[in-house]
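Position 1 is the first residue of the sequence; numbering continues from there.
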Amino acid sequence: MIVGVPKEIKNHEYRVGITPTGAGEFVKAGHKLLVEKGAGLGSVFTDDEYRSAGATMIEAHKDVYAESEMIYKIKEPLPDERNLLKENQIVFTYFHFAADEKLTRACIDRKIIAIAYETIELYDGSLPLLRPMSEIAGRMSPIVGAYYLGRPLGGMGVLMCGVPGVAPAEFLILGGGTVGMNAARIAAGMGASVTVLEIVEPRIRYLEDVLPPNVKVLKFNDSNLLESLKRADVVIGAVLVPGAKAPKIIKRDMLKLMKKGAVIVDVSVDQGGIAETTKPTSHSNPVFEVDGVVHYCVANMPGAYPR
């Protein structure tokens, strides 16, 4: 098979679909691997490393698509790439179709074979290709939230860890899956007071066992949600329904309950987001404000930390 790895063109996306080591595995298995020149530079992989692994370097973005039977990448095909897709071409990437009808229809119209990383499951229902990106985004999210709490950035001016005589920031994490658990660990480790709302009772018990003492794990219900939103300085959206849109947990009128200068970090934005006010943003323009609440909704958070 001829496998093509294009350079990612999404805003500040520094990841690459395959490492030089992975490229070598494709070549050893008898496939021809085409890699666009410069595709790995954002992740500090040079063209020479790919050549040494047996890959053929391609100059033009469009030629990778034209010559490949399978496209192997990280992010969904953007509008400029969709016309490059060919009938029966396999495209293996994170698609997040549930949140993007235009992308879904474009892929149907081009008659490609779309394999979405985020929907591939093991026998136990776990998501092995989504998990590592969820770990990165989960660990990023408290750092991002703490940063945007800064007063010059529109936040309320609360230091995440507090100082002697001043309480730390209150973090609310909606969802206790991979993103939520990683977010809770980092926020707690940085000294915040953390509340996790989770709906699945066995998961609640597990989180209570493994998370630090400054993390409270509560049953998700309307009462706990409303009370927690009133106290929260940072809210992290960490809800995943595999293959479907995220539920709109935070309604527009709930923002009035929140503190002015509070921050929502919606990691679920790839699947549509957990707030009615969520809309995708980019690393170049990551935040916007609604009713005094700062929203960070970058749709490719892990792209900031490609290594």
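- Between the side chain of T119 and the backbone N or O of P242 there is no donor-acceptor pair closer than 3.5 Å.
- Proximity of a side-chain donor or acceptor of N214 to a complementary backbone N or O of G191 within less than 3.5 Å is not detected.
- Here K28 pairs with E25 under the salt bridge (charged side-chain N to carboxylate O under 4.0 Å, His left out) rule; sequence neighbours left out.
- Remark: side-chain polar atoms of D266 are not paired, donor with acceptor, to backbone N or O of C297 under 3.5 angstrom.
- For the side chain to side chain contact (heavy atoms under 4.5 Å, CB included) criterion with V64, the lone passing option out of I71, V5, L84 is I71.
- Under the ring pair (Phe, Tyr, Trp, His ring centres under 6.0 Å) criterion, the residue pairs touching residues 88-108 are Y72-F92, F92-Y117, Y94-Y117, F95-F97, with sequence neighbours excluded.
- No donor-acceptor pair under 3.5 Å is formed between the side chain of R307 and the backbone N or O of V44.
- Cluster partners of V200 are L172, L174, L197, I199, L218, F220, L225, L226, L229, V235, V239, I249, I250, M254, L255, L257, M258, I264, I274, F288, V290, V293, counting Ile, Leu, Val, Met, Phe, Trp and Tyr whose side-chain heavy atoms approach within less than 4.5 Å, directly or via other members.
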Using the salt bridge (charged side-chain N to carboxylate O under 4.0 Å, His left out) rule, take E208 and R205 through it: C-alpha gap first, then chi angles, then the decisive distance, then the call. CA-CA 5 Å; E208 286 187 339; R205 293 187 176 92; over 6 Å; no
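- Remark: V241 engages A244, P247 in a side-chain contact (heavy atoms from CB on, under 4.5 Å) (not counting sequence neighbours).
- The closest donor-acceptor contact from the side chain of S193 to the backbone of E170 lies at 3.5 Å or more, if one exists at all.
- Side-chain N or O atoms of E227 include none that pairs as donor or acceptor with a backbone N or O of N224 at under 3.5 Å.
- Contact between P77 and L103 at its shortest, heavy atoms only, is O-CD1, 3.6 Å.
- Ionic pairing of R51 and D48 is present here: one or more N-O contacts between side-chain nitrogen and carboxylate oxygen are shorter than 4.0 angstrom.
- Linking Ile, Leu, Val, Met, Phe, Trp and Tyr residues whenever their side-chain heavy atoms come within less than 4.5 Å leaves I108 and L85 in two separate clusters.
- Applying the 6.0 Å contact sphere to CG of D109 captures more than 12 heavy atoms from other residues, nucleotides or ligands.
- A salt bridge links K259 to D233: one of the charged nitrogens lies within less than 4.0 Å of a carboxylate oxygen.
- Side-chain N or O atoms of K32 include none that pairs as donor or acceptor with a backbone N or O of F26 at under 3.5 Å.
- Panel note: side chain K7, backbone K37; no donor-acceptor pair is recorded below 3.5 Å.
- In this structure the side chain of N88 never reaches within 4.5 angstrom of the side chain of K111, judged on heavy atoms.
- Between Y50 and P20, the closest heavy-atom pair is CE2-N, 3.6 Å.
- With rounding to the nearest 0.5 Å, the separation of NZ in K245 from CG in L240 is 15.0 Å.
- Smallest separation of non-hydrogen atoms from R82 and A106: CD-CB, 3.7 Å.
- Across A23 and L33, no two heavy atoms sit closer than the pair CB-CD2, 3.2 Å.
- Note on residues 116-130: no pairs pass salt bridge (charged side-chain N to carboxylate O under 4.0 Å, His left out), not counting sequence neighbours.
- Atoms CD1 and OG, from I90 and S68 in turn, are 11.0 Å apart once rounded to the nearest 0.5 Å.
- Taking each heavy atom of P168 and M160 in turn, the nearest pair found is CB-O, 3.3 Å.
- Inspection of the H295 and T278 side chains reveals no N or O donor paired with an N or O acceptor under 3.5 Å.
- Nearest approach of I2 to E69, heavy atoms of both residues: N-OE1, 2.7 Å.
- Partners of E13 by salt bridge (charged side-chain N to carboxylate O under 4.0 Å, His left out), not counting sequence neighbours, listed by chain and number: R15.
- Heavy atoms from other residues, nucleotides or ligands lying under 6.0 Å from NZ of K86 number more than 12.
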